[in-house]
Structure formats: structure tokens, C-alpha cells
There are 2 protein chains.
Amino acid sequence: MKKIHIIGLGLLGGSFSLAARRKFPELIVTGYDISEKNQKDAEILGIITEAKNQPDSDTDIVLLATPADSLGRILEETLNQIGEETLVIDLGSTKSKLCQLVENHPKRKQYLAGHPIAGTEYSGPKAAFADLLDGKVMILCELEKTDLYLKEKAYQLFEALNLKLRFMDPEEHDRHLAFVSHLSHISSFMLGKTVLQKMEDDQNIFDMAGSGFASTVRLAKSSPAMWAPILTENKENILAALDGYIANLSAIRDKIASSEKESIYQELAEINQIRDILDLGKG
Amino acid sequence: MKKIHIIGLGLLGGSFSLAARRKFPELIVTGYDISEKNQKDAEILGIITEAKNQPDSDTDIVLLATPADSLGRILEETLNQIGEETLVIDLGSTKSKLCQLVENHPKRKQYLAGHPIAGTEYSGPKAAFADLLDGKVMILCELEKTDLYLKEKAYQLFEALNLKLRFMDPEEHDRHLAFVSHLSHISSFMLGKTVLQKMEDDQNIFDMAGSGFASTVRLAKSSPAMWAPILTENKENILAALDGYIANLSAIRDKIASSEKESIYQELAEINQIRDILDLGKG
């Protein structure tokens, strides 16, 4: 592992670089960001050792860490640019469309579809930090379609970053993430919107510490540049999740309206089993 | 401050006692819980110094820390039991109904309506801890209706526990809490339900660490015994909040369905101002 190139020098791309450079002090990290300011910041912060518009021919790994709706175009462009010894890994939050797009690409073997389950509500190179990925899950899709030798390079990087690997097919990935991650973000954004609307009426800023609101609405601080594209890229799965969520909200609304105390109690008690499932996730 | 009596020895009642006993080592804390096990646990854990079915006549303060739908009955009962030097404070999450109920009670001056904005997703005496209330907000309603001398006792307790006092009328309290706290809990419970339903289909337990789900769904671990009553007690305000939330979810659903990327981006960007409001809350 001598040289990697990162396209998109924000929270995720930046954190990958900082963690990799900490582990491999000799590593050369070239990189590009569509925002001149981000690219400049990334140089100053030591995220990249040199700004480059495209990867050198001796690059080991190119990481694509741009918003979901730009990844298709950038992935095709990058595959067309690279030499034979380079692997391209995308880190996008949706996987089906990308895998379909390059299904018959002559360099399909030089691509690996990945998704690290890591992030914060902050964005940009200044939000990046070397520990972001430590111990996190990295989902890989269609592993069998990637060249064996190039895959070894990827494993070397993932192991150095202490990522826990999980394997899924791209459709399964997108279906799961719609429910677990994308729906959480939408519910949080809309909760924020509902409270903001109420505040416009009330002109009264309430001290919300300790109310449960702060943790539930945290994700509503997330980057629109990252999240707006995810919502349309994974549209079908997100609509299914969202329709289920709205139906559940409407049903409890009606129970509250008709004061069905016992039924509400039973329902909340059943949902409490989410404890066990969250604890399982820790295992 | 020599003696307090606590009815309801769970997370909140228990934490009040532990904090007060830490500050006033000589304090006698009597108490009662409808659950024999909770009452026994509270004795073992040092939450109460003695179990008593009702307060002694020389009790300074009686704290009511039971579920929202039981508070009305217990408040009336307790007012009828106490001597002239005792103050009753309820700690319930809804305030309008209670204040109306005792509006013309001959001992109205011996009641103070309070709501500490503090809790965790855990419940029962074993979940109680002395620091739960430290630095938290305590909302007080209709302060002018409480006897001046008895109010001084309350201030002494609140100051010792490092509570930050806020004053609101009961209707304003219930309206605000519906949006900030109650809606957050419903949104979290229904998020948990939606994911549990999906898992029943999929038979696939997904590792959710880092996905944003864990923080958004945290409140869905909350106690049904506490939350089911709140939802019906504050019905009108909660229905208003929930209707606004469902309308916002339905509107973003339609934007996603018709891939209105630019409009989704704008909307998420506007909601990002919730950052400023959350930061204000810290001040």
C-alpha cells in the first residue's frame, strides 16, 4: 500500500485518509474535491499529501466519497482512467444502481462496492477525524466480482482501519439501509421541521435539554448535500419504509384520539423489544 | 427540611430522593409504591428510609412521581391527608388537567405543579441515580397560587438539587411538551415498530451500530407504564403535533416519489437551522 487517491474530501473521505496515514506513515494520498475550499482545507489538514485531478497510474486504491447521485458518473470516469493495478472502491450509502451501472463494464473486476456505516451530523474536511471508522461496520457487495489480487489490497486497508466486514447483495443492502438509516434520518428531519414550524407560531424558544428531543432530532443536523441524493437514489425502498412508518403513526394517532389506553400500552410494550435487537447489534 | 414523602419510587421519585439524601444526610424519606417489589427495592437501595402508606403529619414535602393518569386521584387524596405545614409537588409530564382539577380545592395553596425535564429510557427504582436531576430544568406552573412559606421549602429542595427553574402556565407547558418531548417519543416508538415489522419479514438482524438508528430509536425503550398515560392525558396537544408531523412526512414522501431533488435539498437545508435552536437551548 503506497498510494491512494480520494475523490470527495469531506467527513468520510477525510477520515479514511487520516486513519490510513496514521497507520501507514509513508502513504501518499492524492485527492480531489469539486469544492476548491474543501480541497485546500484537506491539504492544510493533512488529509491529502497532494491535490490531483485524477489518480496516478501507480495508485493502489481510489476511494470515491462523493454524494450518492454523483457516484455513477465518477465511478465510470475513474474506471476509464485507471491502470491495471488500481482498485476503485466507492463508499456510497446506496449500492444497487451502482452495481447495475457497471455490471458489464470491461473493468468491473477493478471495482469494489462498499459502505462504511459511520458518520456524524457534521460534514466537510474539517469534520473528519482519524477514529471515525475505528471498529465500525463496512458492508461489501458483490465481492465475487472483484479481482482476487486487488481485493487483497482492500482487505489490507480495511484491516488497518479496524473495520468489521459484512457481506450483502446490493438489493438487500439498500432495503435494509432504507429502514435502519434512511428512515431514521427522514423521521429526524421531519421532527425538526415540525418543531420549527411550531416555534414560528409561538415565538417562544423552549429549553429542550433533557426532553428527549435533542437525541431524536440530532440527525436533522446532517448534510443536505449528502442526504437529498440518498433519498432519491434509494427511492423505492425508502418509500416502502416511509409508507410503513406513516401508517404506524396514523394508527397510533387514531388510538390516542379515541383514548384506547390499554391498546396503546400494549403496543408500546411490544415495541420495547427493540432493546434486545439493539443489544444484539452490539455483539 | 427534615422529612419528605415520595409516592411512586421509580426512576424519577428514586432519583429525587437519592439526590436529596446526599445533600441533607439527616433527611427522613418515607415513601410508597403501588408495586411491592419496587417499594422493597427502594428500601434496599436507600431511596426511602421507611415505607409508609401515607405521609406523616410533620412531612415538609410530598412528591408525587406516579404515571400521569394516576396523579389526579393521588393529588386529591394526598391534599386531603396532609397537615397545614406540608407542600405537595407533583412531577408529572402534563399539567393542565391537574391544575384544573384542584383549582378550587380548599388546600390549593399547599400544591405546586412541577415537571423536571429529566429522564432516561430506563425505569424503576434500580434505574434511579443521584445525578439524574443535576443541572436539569424544572418547570413550575401557577406559582402564584402556592403559599409563600411552603414555596420557600420547595426552592430549598430545588436549589439543593441544582435544578434550573422555569415558569410557564399549564396550557403553554402542555403545548410545548407535546412538540418537544411527547412527539419525539411517539416518533421513536413508531420508528422502532416499523423496523421490527420489517425484521419479521426479513428474518435478518442487521448490525445497526453507527447507522443513526440507535440514537433515533433510543426513546422507544421508554417505559409504557409512564408513556401510554401521557399520550392520552395530553391528547389534544399531541394530536396537533402528530398531525403536523404526519403532514410533513407525507409531503416529503411525495417529493421523494417524484424525485424533486432540488426541493428536497432546500427543505433539508432549512431544517438544518435546528442546530442553532439546539445550541440556544444550551445557553
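Lettering follows sequence order; numbering is per chain, from 1. Basis for what follows: all heavy atoms, side chains included, without hydrogens, waters or symmetry-related copies.
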Under a 4.5 Å heavy-atom cut-off, does chain A meet the side chain of [X], its backbone, both or neither?
X	value
B:L191	both
B:A225	both
B:S250	both
B:L249	both
B:R253	both
B:E267	side chain
B:E233	side chain

More than 12 heavy atoms of other groups within 6.0 Å of [X] [atom1]:
X	atom1	result
A:I34	CD1	no
B:E159	CD	no
B:K235	NZ	yes
A:K255	NZ	yes

When heavy-atom pairs shorter than 4.5 Å are enumerated against chain B, which of [options] gives the highest number?
options	value
A:S187, A:A269, A:G192, A:G244	A:S187
A:L242, A:I238, A:D69, A:L239	A:L239
A:S181, A:P224, A:A228	A:P224

Can you find a pair of side-chain heavy atoms, one from [X] and one from [Y], that are under 4.5 Å apart?
X	Y	value
A:I186	B:I256	yes
B:H185	A:T216	no
B:N248	A:Q197	yes

Chain A: which of B:S258, B:S184, B:A220 shares the most heavy-atom pairs with it under 4.5 Å?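 Ranked by heavy-atom pairs under 4.5 Å with chain A, first place is B:S184.
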Quick one: of B:P229, B:S223, B:S215, B:A241, who has the most non-hydrogen atom pairs under 4.5 Å with chain A?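 With the most close heavy-atom pairs to chain A, the winner is B:S215.
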Heavy-atom proximity to chain B below 4.5 Å, by part of A:L183: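 Both parts, backbone and side chain.
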Provide the closest heavy-atom pair for B:F189 versus A:I271 in the form atom of the first, atom of the second, distance.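 Closest approach of B:F189 to A:I271: O-CG2, 3.4 Å.
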A:I274 and B:F213: which non-hydrogen atoms are nearest, and at how many Å?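 Scanning both residues completely, I find the closest heavy atoms to be CD1-CZ, 3.9 Å.
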CG of B:L231 to CD of A:E260: how many Å apart, nearest 0.5 Å?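 The CD atom of A:E260 is 12.5 Å from CG of B:L231, to the nearest 0.5 Å.
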Taking atom NZ of B:K193 and atom CD of A:Q273, what is their separation to the nearest 0.5 Å?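 It is 11.5 Å, given to the nearest 0.5 Å.
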